[in-house]
K.L.:
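Mind having a look at this structure? Questions to follow.
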Protein chains: 2
Amino acid sequence: MEEEKRTVRAVERALDVLLCFASRHEWGLTEIAGRVGLHKSTVHRLLATLEDKGFVTRDAATDKYRLGLSVLELSAHLFRSDDPSVVLLPEMEKLRDEISETISLYVRDRSERVRIQAVQSMQAIRRVATVGARLPLSVGASSKVLLAFANDGDRETVLADPSWPAQLDLQTFAKQLDEIVSTGYATSFEEREPGAAAVAAPIFNRSGKLVAALAVSGPSNRLTPDRMHEYAPAIIESAHRMGALLG
Amino acid sequence: MEEEKRTVRAVERALDVLLCFASRHEWGLTEIAGRVGLHKSTVHRLLATLEDKGFVTRDAATDKYRLGLSVLELSAHLFRSDDPSVVLLPEMEKLRDEISETISLYVRDRSERVRIQAVQSMQAIRRVATVGARLPLSVGASSKVLLAFANDGDRETVLADPSWPAQLDLQTFAKQLDEIVSTGYATSFEEREPGAAAVAAPIFNRSGKLVAALAVSGPSNRLTPDRMHEYAPAIIESAHRMGALLG
DNA sequence: TTAAAATGTTTCACCCTATGAAACGCTGTT
DNA sequence: AACAGCGTTTCATAGGGTGAAACATTTTAA
């Protein structure tokens, strides 16, 4: 039970502080202290360090903390030219132009998924998808794709995760995933967000490894179940073409 | 001389490690240790912590370290809808369409400048400007604008900075800056990069505070000195309009 | 094939340094 | 004027970060 961790506590805490800014732009010192469960003076020191290195700044007006320019600097180097989010962008735009709905690209990160790329529909009513969003793996079409086509080991690890919602019946969920494997795509209708629906298909690289989920999402009155199944073949085909572009 | 620093050493070091990735995508442990001047085992622990929190990942193939998805997550929250880089984007695009050269937006950060927004020229030969780039404050049109229109205090602080290039004659440089204040804009011709030229004008917010520099840059054979002076009025006017949009 | 070099990983004893309680200063509110 | 809320600073304590060294593993050289 000892679970030796070879990490640095002070750094862990500082990064927790930094990650507060993934859910809100501006934080006060006391707010952060409350959220991360540390003493004010500790957080104060951590923030001073983060500020010194440019990872946070203080808003001139409100005096509250915000993300700093070092984050921007790093984000410029996040992706290489051969990364999925770069390589697949043109194909995503093509699919968007074909279907006229918002296209997202998700990868699994432990027991969550992260949207690593998005191109927006140009319709007046549209799904707006922000790159970088971290979402649960338990709901949504792309979640189910990422789980359904994962290695058995990965799938089990995720489902056994303590953060997994207990009310979900694992039996029926697993059956649902197996169904997705056989049809080759997944749909969700007002599953995570009311008024929104999505279709998703897996992207495998040339070695056959699941790399990402390609999702089409939009308002549920336009993206009806019928319409989604109608789009599915085009999405799967697009996902195939994308896979061929990856190492 | 003691200069009490109320920062956390371990965190400082971890952030230094992280900042390595601002100059290159992939790093090996030993490389990083050499760069930041720490022992392998120390860096190993710091990297383990950063990895645990998702700030770095290890490339499946090379086993080297890369930036992780937490950085992407944070970068999505870098700017609020009322931040310059967001508010000024449409006006930047307008200027780009008018002049057909790449437009950049810079802010000063201590003794450097950071490109916080950019829209690219659509010409075949163009200046490519990446958002997040950190550049010296000693050369380039926007540098001179950011210094020329800064508070006297700020200007002096920067020029007194130990990182300031010693070979630059402060007398003539200061005179140059004063000239820029009177003309209202600055130019640079193959100053920082051979083959590149730029014109820049200051953006003041409604309170009259210098917030950013607006720069037009392109290849020096197209953006000749004559052409730059010709463009200047339009750039200044655009910068004025931008300032009116800022609090 | 062996030897050597380089890279990443783990252990461990020492002592530096991160920690949180408490007190302080400041600003705005009642 | 009294109060509440926030950020800042100080300080004694012990908990934890540190780097040397040894180990494991892969890559390069001979």
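Here is the naming used below: chain letters follow the sequence lines, and residue numbers restart at 1 for every chain.
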K.L.:
Please check this pair: side chain of W27(A) against backbone of R66(A), looking for a donor-acceptor N/O pair closer than 3.5 Å.
P.N.:
no
K.L.:
Are R115(B) and Y106(B) in a cation-pi contact, defined as NZ or CZ under 6.0 Å from the six-membered ring centre and within 45° of the axis?
P.N.:
no
K.L.:
Who are the side chain to side chain donor-acceptor pair (under 3.5 Å) partners of T57(A), not counting sequence neighbours?
P.N.:
none
K.L.:
Quantify the bending of the helix from dT1(C)-dA30(D) to dT30(C)-dA1(D) as the angle between its end axes, each fitted on five pairs, to 10°.
P.N.:
40°
K.L.:
Suppose we screen for ring-ring contact (aromatic ring centres under 6.0 Å, His included). Which residues come up paired with Y185(B), at least two apart in sequence or across chains?
P.N.:
H229(B)
K.L.:
Check D154(B) with R108(B), please: is the shortest side-chain N to carboxylate O separation under 4.0 Å?
P.N.:
yes
K.L.:
Do NZ/NE/NH1/NH2 and the carboxylate oxygens of R155(B) and D161(B) come within less than 4.0 Å?
P.N.:
no
K.L.:
Do nucleotides 16-25 of chain C as a string where each nucleotide becomes B, S or -: B if the base has a protein heavy atom under 4.0 Å, S if just the sugar-phosphate does, - if no protein is that close.
P.N.:
-SSBBB----
K.L.:
Side chain of T62(A), backbone of K64(A): donor and acceptor closer than 3.5 Å?
P.N.:
yes
K.L.:
Using a strict heavy-atom distance below 4.0 Å, which residues from residues 57-69 of chain B are in contact with DNA chain C?
P.N.:
R58(B), Y65(B)
K.L.:
Just wondering, more than 12 heavy atoms not from D82(A) lying within 6.0 Å of its CG?
P.N.:
yes
K.L.:
Students should find this one: the first and last nucleotides of DNA chain D, 5' to 3', lying under 4.0 Å from a heavy atom of chain A. What are they?
P.N.:
dC6(D) to dG17(D)
K.L.:
Report the C-alpha distance between F55(A) and L18(B) in whole Å, list the side-chain angles of each, state the deciding distance to 0.1 Å, and finish with yes or no for side-chain contact (heavy atoms from CB on, under 4.5 Å).
P.N.:
CA-CA 11 Å; F55(A) 284 78; L18(B) 205 48; 3.9 Å; yes
K.L.:
Is a salt bridge present between E31(A) and R35(A), judged by a nitrogen-to-oxygen distance below 4.0 Å?
P.N.:
no
K.L.:
Could you tell me which residues satisfy side chain to side chain donor-acceptor pair (under 3.5 Å) with T49(B), sequence neighbours excluded, listed by chain and number?
P.N.:
none
K.L.:
Write down the atom of P202(A), the atom of G184(A), and the distance for their closest heavy-atom approach.
P.N.:
CD-O, 3.4 Å
K.L.:
Within the pair H44(B) and dT9(C), is there a side-chain N or O less than 4.0 Å away from OP1 or OP2?
P.N.:
yes
K.L.:
Mind jotting down which residue pairs meet the salt bridge (Lys or Arg N to Asp or Glu O under 4.0 Å) criterion with at least one end in residues 137-149 of chain B? Sequence neighbours excluded, please.
P.N.:
K144(B)-E191(B)
K.L.:
May I ask you to check whether over 12 heavy atoms, not counting those of D152(A), lie within 6.0 Å of atom CG?
P.N.:
no
K.L.:
Output a table of nitrogen or oxygen pairs between the protein and nucleotides 26-30 of chain C separated by less than 3.5 Å.
P.N.:
none

K.L.:
In residues 25-35 of chain A, what residues come within less than 4.0 Å of DNA chain D, judged by heavy atoms?
P.N.:
G28(A), L29(A), T30(A)
K.L.:
Keeping the roles fixed (side chain from Q120(B), backbone from A129(B)), state whether a donor-acceptor pair exists under 3.5 Å.
P.N.:
yes
K.L.:
Just to verify, what does R113(A) make a side chain to side chain donor-acceptor pair (under 3.5 Å) with, not counting sequence neighbours?
P.N.:
S142(A), S143(A)
K.L.:
List in chain and number order the residues that pass ring-ring contact (aromatic ring centres under 6.0 Å, His included) with F204(A), two or more places apart in sequence or in another chain; answer none if no residue qualifies.
P.N.:
F149(A)
